[in-house]
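Only heavy atoms go into these numbers, but all of them, side chains included; no hydrogens, no water, no symmetry mates. Small disclaimer: the values here were computed from a predicted structure and weren't measured.
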Amino acid sequence: MKRKTKILISTDSAKIHTGLAEICRSVYKRLLEKYPDDYEIEQLGWFHNDKGPENVPWKIHPTHVIREDGKPPRLDETDRYGQRTFEFVKSTVNPDIVWTNGDLWCFDHLLNSPTRNTFRLCSYYTIDGSPYFGMKLKAGESSEWGEKLLKTDRLVVLSEWGVDVLHDSCPEIKDKKIDVIYHPVDIDRFEVLGTEEKYALRDRIYPPSVPRDAFVLGWVGRNQFRKMNFKMWEVMHYLKFGDYIRCCSCDRITVKEWDHAARASRPVGKLMKYDADYDYTTCSHCGHGEVLEGTPRDDIYLWMHMNKTDPGWNTESMGEMYDVHDKILYTQGLQQSRGLPPKVLAQLISSWDSMLYLSGGEGFGVPAFEALMAGIPVIYTNYSSHADFCKHGGLPVRVDFIPELRLTIHRSIADTNHAIEQCLYAYNNREEMKELGLKGRAFAETKTIDTIVDQWHKLFQEMMEQPLATESGAHVYTEVI
């Protein structure tokens, strides 16, 4: 009888509701269903909660929990990603393959494990921005992260864009094979709704203040700097009030500069975004003298599905500052590790007309891919991994960039003028956008869970054909025993 391959997973506990946990559940539940005689699975679960809402058919080892008299148990921050418990769990499980999914700092301790030579390491790695070389770079010669990623046996990213970024950023791995496997999403959860079906769903889940035939944009994500979701309130302001001009020659939009303190358009003569004396009588892009004033629109809404308690932008202040609090809806009751049931979230996404996805950088962009699965077109920033698939069912938005502190990974900032152009195009061409959404759905159907699981199975089989470092002198990690 063939010996099963033992895999130790190191990522967010499959019991909880996070993006990493969903990847883990989706891949390994189906892997065990399709190949029950090939694998034994156990997990070292980050942020594990025994009372979490999900159940999986494998053992989950929690990270360290601190217990003090009179106080509720709490996770040990020094063991956040298993830095302290990995070696014990690894010695207990004795895996053939350790599979990890997360950022580099989540699995750095695996790369430098004192027993690194005794297991094969597969890193499923999200590349959410560029460049990606870490704190140290000697251009064309060496990089901090390239040196570390050399220690992975198989490096897997979620987009071709991510492959290009790593090869271009890290000289050490410019010739290393990097696999691309998409994030698994259950397409069976998502329905493409006709107009009347969508209206019936809205009648059931939308507040009475939103007309059933309104044009509804949607957003799913964390409230944080990388998501750059502050742009949502700004874009909604210009759509609501029509504070822009449109050129009759180049057809491009110029927004009227908003004074955030006065909550009014900044007077001509005091402008900062443009020349101080620019007066909106000509196009700011081509200089043409024939322009049209923007049209206020009262029937455009934005549904933001995010945890309002995230340490990001103040949702109440942003709504008041841009005077759009009456045009933005929020999903109620979300918590960091507990969201809507997957089927309910799929229905919410299906109720929208378009997804507005102006993220500053994504390692994949699950919400945008889920929108495509529901046949919902995506208006998206043309940067990072999500742009790889959004192009099959969406409208790109031009961007500028701002580098993060210290790491210098660049985050995109949506061009407000172009974002409004694309939103208005979607608003005015709804039948065409439905067709675009169906094209996105057709692409998503080529990335089913079964297809993705088969990719993982093939990769694991290839890994098992390679001897461990302790079994061959061809590749030994000399830094560890």
Side-chain angles (χ1 to χ4, degrees), residues 3-16 18 20-25 27-29 31-32 38-52 54-69 71-125 148-156 337 456 460 463-464 466-472 475-481:
R3 186 177 75 83
K4 293 184 178 181
T5 297
K6 290 184 180 180
I7 299 178
L8 175 61
I9 303 166
S10 182
T11 191
D12 283 6
S13 169
K15 288 281 291 181
I16 65 176
T18 65
L20 295 183
E22 181 168 357
I23 292 176
C24 174
R25 285 193 302 272
V27 169
Y28 286 98
K29 287 176 74 172
L31 187 74
L32 290 174
D38 290 286
Y39 298 101
E40 291 180 13
I41 306 296
E42 294 192 37
Q43 180 178 10
L44 174 56
W46 310 338
F47 314 110
H48 180 67
N49 181 354
D50 281 329
K51 297 180 181 179
E54 298 290 341
N55 293 307
V56 292
W58 58 81
K59 182 177 181 179
I60 302 177
H61 303 265
T63 56
H64 185 241
V65 175
I66 297 175
R67 303 181 188 277
E68 299 175 321
D69 291 342
K71 296 181 180 180
R74 56 189 173 87
L75 295 175
D76 182 352
E77 284 297 315
T78 66
D79 195 38
R80 188 179 183 90
Y81 304 113
Q83 293 96 325
R84 294 177 58 192
T85 52
F86 171 74
E87 294 301 331
F88 173 77
V89 173
K90 185 258 175 189
S91 67
T92 302
V93 177
N94 193 24
D96 299 296
I97 297 171
V98 174
W99 183 92
T100 186
N101 180 20
D103 291 309
L104 182 54
W105 48 87
C106 301
F107 61 85
D108 204 359
H109 59 291
L110 304 182
L111 300 172
N112 297 301
S113 165
T115 58
R116 175 65 189 87
N117 290 324
T118 65
F119 61 89
R120 302 166 183 87
L121 178 61
C122 177
S123 301
Y124 194 28
Y125 190 33
K148 293 181 177 182
L149 292 172
L150 270 177
K151 298 179 183 179
T152 61
D153 293 291
R154 292 296 283 266
L155 180 58
V156 186
S337 61
W456 281 115
F460 293 148
M463 291 184 72
M464 289 303 295
Q466 299 300 313
L468 289 169
T470 52
E471 300 169 346
S472 169
H475 184 55
V476 177
Y477 300 98
T478 56
E479 299 89 342
V480 295
I481 47 178

Decide yes or no for [X] and [Y]: does some side-chain heavy atom of the first lie under 4.5 Å from some side-chain heavy atom of the second?
X    : Y   : result
L31  : Y28 : yes
D76  : V65 : no
Q43  : K15 : no
R84  : T63 : no
F107 : Y81 : no

Just to verify, what does [X] make a side-chain contact (heavy atoms from CB on, under 4.5 Å) with, not counting sequence neighbours?
X    : answer
D103 : W105, C106, T126, Y132
E77  : R80
P72  : none

Which residues share a salt bridge (Lys or Arg N to Asp or Glu O under 4.0 Å) with R74, sequence neighbours left out: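 Applying salt bridge (Lys or Arg N to Asp or Glu O under 4.0 Å) to R74 gives E68.
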Interatomic distance, L20 atom CG to N101 atom CG [nearest 0.5 angstrom]:
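Going from CG on L20 over to CG on N101, the span is 5.0 Å.
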Distance, nearest 0.5 Å, that separates CH2 of W46 from CG of D79: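 Result: 11.5 Å between the selected atoms.
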**Request:** Identify the residue among T152, L44, V98 that makes a side-chain contact (heavy atoms from CB on, under 4.5 Å) with L110.
**Result:**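 So, applying the side-chain contact (heavy atoms from CB on, under 4.5 Å) to L110 and each of T152, L44, V98, only V98 qualifies.
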Next on the checklist: Going by the rule side chain to side chain donor-acceptor pair (under 3.5 Å), which residues pair with R25 if we only count those two or more places apart in sequence or in a different chain?
Outcome noted: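 Not a single residue meets the side chain to side chain donor-acceptor pair (under 3.5 Å) criterion with R25.
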Those residues that, when tested against F86, pass ring pair (Phe, Tyr, Trp, His ring centres under 6.0 Å) (two or more places apart) =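 Per chain and number, F86 pairs via ring pair (Phe, Tyr, Trp, His ring centres under 6.0 Å) with F119.
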Quiz item: After noting the C-alpha distance and the side-chain angles of D153 and I97, does the key distance pass the side chain to side chain contact (heavy atoms under 4.5 Å, CB included) rule?
Solution: CA-CA 10 Å; D153 293 291; I97 297 171; over 6 Å; no
